Amino acid sequence: MLDIRPVGYVVGLLVAVLGLAMIIPILVDLAEGRGHWWVFVESALITTLGGGMIALASANGVREGLTIQQTFMLTTGVWLMLPLFGALPFVLGATDASVTDAMFEAMSGLTTTGATVLTGLEDLPKGLLIWRGILQWLGGIGIVVVAMVFLPELRVGGMQIFKSESFDTFGKILPRAGQIATQISVIYLWLTLACMLSYLALGMSTFDATVHALTTVSTGGFSNYDASFSTFSGPAEYVAAIFMILAALPFVRYVQLINGNPVALHRDPQVRGFFMTLTFLVVIVFFVLRSGTTYESERILREAIFNITSIISGTGYASADYMKWGSFAVALFFFIGLIGGCAGSTTCSIKIFRYQLLFASIRAQLRRIRSPHGVFTPRYDGRPVGADVLSSVMSFFMFFVVSLGLISVALSLTGLDFVTSVSGAAAALANIGPGLGEIIGPAGNFSSLNDTAKWILIIAMWIGRLELLAVYVMFTAKFWRA
């Protein structure tokens, strides 16, 4: 019989930590003096006690190490339980949000999707705004650790290719995954502080700089303004783009960098592929805008860099309504969101390395067609790629496309138009944030959607953040019999 106590113990501890994190918005609300702090006191007590009781009830079942089944349950369970408790301040607070809206906002935060159902952000208590940023910040570091520690072990979507690359080779410097996770957390914190100080230097208020640093480095995209990042048009867009790019790179390479391997980042094929893709897209959009607008060149370049970086990294900030940039730009932005950053970063979507493996497989297949008697093996970073990795990657692509289609159909059945349904499905499944169209585009939000559509998107955000297969495998009978 499957023992869920080790899973409950870890989940309970993480829920309790989430409750302790609510101390920050309590202090912010007390400083603001609007009397909203009691909402977070109530939420913190419920969350901390609830998590603590779950951990205590499961403590007698703790064992060293987890089985594959327990690891799958832990990975998926954390991203269900944390949004559930993280939604409490939205239900109890000044937003007067429904359970559906509160769960949508919390799930969007912890999965770093950045889609929001809240309006009038400028009038909300500051504690609630900083809480949205904290949810994304915790979700960002959480997914980096999951991507480097759990997903390679679970062999999800080709992630097993990084098992030997990141740990066996890397273990000569840091022999335990726990040490890697600790150093990644420190780097993540320093990146956040550097981002905040950069924003402060450009004239942002301390509160604005803090919120946007939390949501930039996590590539989450929550802003405390309805107008998103267009409130800070100018040099701040360049700074945001730099830190979004840094967050989109594999954090394990930063760890190698500070541990005596200065070329680790440069030699990573993901990193090279990401920069090549980003540069290519910026150039295309620059010339499209230059031929179709009367903006000066600096503004065109700035908005192209910022908005493309925001979408490809899944951050979801918007400094301009790119729905007005023409049909070509709109279509391009849809596909940009399906690219994503590097594995082991805070970014989402399909990820660069999967495209590289897909193209390597296609190239090898074309060679076999031209030379039937030749032996051609797909290679990644100069090394042959095993059949299990390629099969896993192909399965991921298939499940992603099928999931996108099914979610789009489900959304259309709720009464949404074609553009909103398809782009909403992509925005949620790839954890991008904004969709396309007048309703959920860069100038809109998800508040006007009906509850059924919101729950579909909540499930899509959860599935997408955990790389699809980590969730789907739990719905197979063999998983529970194994």
Side-chain angles (χ1 to χ4, degrees), residues 1-26 38-93 99-100 102-107 109-111 131 134-135 137-147 149-151 153-154 156 176-178 181-182 185 455 458-459 461-463 465-466 470-482:
M1 183 176 178
L2 179 62
D3 186 3
I4 64 171
R5 289 175 298 174
V7 176
Y9 180 74
V10 177
V11 171
L13 289 179
L14 292 175
V15 169
V17 170
L18 184 72
L20 294 176
M22 294 181 185
I23 294 174
I24 297 174
I26 290 173
W38 63 269
V39 169
F40 281 98
V41 172
E42 288 183 354
S43 301
L45 287 173
I46 294 171
T47 304
T48 306
L49 291 176
M53 287 190 291
I54 293 171
L56 285 174
S58 306
N60 63 338
V62 175
R63 299 287 185 271
E64 185 176 348
L66 296 173
T67 66
I68 290 295
Q69 285 174 304
Q70 290 169 338
T71 306
F72 272 110
M73 292 183 68
L74 174 62
T75 306
T76 55
V78 165
W79 258 265
L80 278 179
M81 294 297 291
L82 293 185
L84 187 64
F85 284 94
L88 288 175
F90 299 107
V91 176
L92 303 174
V99 172
T100 298
M103 190 65 183
F104 185 100
E105 200 75 10
M107 183 65 79
L110 281 161
T111 57
W131 180 238
I134 290 171
L135 286 176
W137 193 80
L138 293 174
I141 184 60
I143 203 61
V144 172
V145 174
V146 165
V149 177
F150 293 113
L151 295 185
E153 293 290 338
L154 300 179
V156 170
R176 294 199 304 272
T182 300
S185 300
W455 278 108
I458 289 170
I459 295 171
M461 287 187 277
W462 173 58
I463 293 172
R465 182 75 280 188
L466 295 176
V471 177
Y472 290 153
V473 71
M474 296 187 64
F475 291 93
T476 61
K478 189 173 181 180
F479 173 83
W480 299 103
R481 290 198 304 263

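All figures in this text were calculated on a predicted structure; none of them were measured in a lab. All residue numbers refer to positions in the sequence shown, counting from 1.
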Separation of [Y] [atom2] from [X] [atom1] (nearest 0.5 Å):
X: M22; Y: T48; atom1: CE; atom2: OG1; answer: 7.0 Å
X: L88; Y: I46; atom1: CG; atom2: CD1; answer: 5.5 Å
X: T47; Y: L20; atom1: OG1; atom2: CG; answer: 9.5 Å
X: L14; Y: F85; atom1: CG; atom2: CZ; answer: 12.0 Å

Closest non-hydrogen atom pair between [X] and [Y], with its separation:
X: I134; Y: P25; answer: CD1-CD, 3.9 Å
X: T76; Y: M474; answer: OG1-SD, 3.0 Å
X: A87; Y: A102; answer: CB-O, 3.4 Å
X: S43; Y: P89; answer: OG-N, 3.5 Å
X: A106; Y: P83; answer: CB-O, 3.3 Å
X: W79; Y: L110; answer: NE1-O, 3.1 Å

Step through the shown structure and confirm whether more than 12 heavy atoms of other residues, nucleotides or ligands are within 6.0 Å of OH on Y9.
no
More than 12 foreign heavy atoms under 6.0 Å from CD1 of I4: is that the case here?
no
List for me each residue that meets side chain to side chain contact (heavy atoms under 4.5 Å, CB included) alongside [X], sequence neighbours excluded, and say none if there are none.
X: V473; value: F72, T476, F479
X: L56; value: none
X: A16; value: none
X: V11; value: V7, V15, L74, V78, M81

Intermediate values then yes/no, side chain to side chain contact (heavy atoms under 4.5 Å, CB included), I463 and Y472:
CA-CA 8 Å; I463 293 172; Y472 290 153; 3.7 Å; yes
Test item: W131 side-chain N/O and G86 main-chain N/O as donor-acceptor pair under 3.5 Å
yes
Check whether W462 reaches the backbone of T111 with its side chain - one donor and one acceptor, N or O, closer than 3.5 Å.
no
Have a look at M107 and tell me which of L82, L135, I458 forms a side-chain contact (heavy atoms from CB on, under 4.5 Å) with it.
I458
Using side-chain hydrogen bond (donor to acceptor under 3.5 Å, both in side chains) as the criterion, list what pairs up with T100, not counting sequence neighbours.
W455
